[in-house]
Amino acid sequence: MKLARVVGRVFCARQDPGIDNKTLLLIQPLRWEDESPVGDPLVAADAVGAGASEKVYWVASREAAVAFKDVPPVDAAVVAIVDGHQVKDFRQKEGS
């Protein structure tokens, strides 16, 4: 499960019927520790009704498709809106 921020929406003139009635969001992946951007923005199908600038929790691959009852052809999905989180920097070893 990954953290991201919604940075836009994607509109398509033509698309696979499997993603009809799905909202496509442009999300910027973030680090959990400091919310700094990681990599390039990507398109994710929205399963929860997320809005502009909200922090969200997203999944990729097969988990993205099964976030929806009709299993659409998507490889990223927003599955939660993050109100807040607390994290310890697990990449640093204790005592260093």
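Start at 1 with the first residue, then count along the sequence.
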Are M1 and L30 linked, directly or through intermediate hydrophobic residues, by side-chain heavy-atom contacts shorter than 4.5 Å (ILVMFWY only)? yes

Does this structure show an ion pair linking D70 with K22, if we count only N-O contacts that are shorter than 4.0 Å? yes

Over all heavy atoms of both residues, which pair between P72 and G18 is shortest? Give the atoms and the distance, please. CB-O, 3.2 Å

Other than V48, which residues form its hydrophobic cluster under the rule that side-chain heavy atoms must be closer than 4.5 Å? V6, L25, I27, L42, V56, W58, V78, I81

Under the side chain to side chain donor-acceptor pair (under 3.5 Å) rule, collect the residues that match up with D83, sequence neighbours excluded. none

Is F68 atom CZ crowded by more than 12 heavy atoms from other residues, nucleotides or ligands, each under 6.0 Å away? yes

Closest non-hydrogen atom pair, P29 against P41: CD-CA, 4.2 Å

A77 and A67 have their tightest heavy-atom pair at CB-CB, 4.2 Å

Counterpart residues, side chain to side chain contact (heavy atoms under 4.5 Å, CB included), relative to V10 (two or more places apart): C12, L24, L26, V43

Here the salt bridge (charged side-chain N to carboxylate O under 4.0 Å, His left out) pairs for residues 35-57, sequence neighbours left out, are R5-E35, E35-K55

Applying side chain to side chain contact (heavy atoms under 4.5 Å, CB included) to P37 and not counting sequence neighbours gives Q28

With a 4.5 Å heavy-atom cut-off, do R31 and L3 have their side chains touching? no

Partners meeting side chain to side chain donor-acceptor pair (under 3.5 Å) with D20 (sequence neighbours left out): Q15

Might you point out which heavy atoms bring A45 and V74 nearest each other, and give the distance in Å? CB-CG1, 3.9 Å

Sequence-distant partners of D34, salt bridge (charged side-chain N to carboxylate O under 4.0 Å, His left out), two or more places apart: none

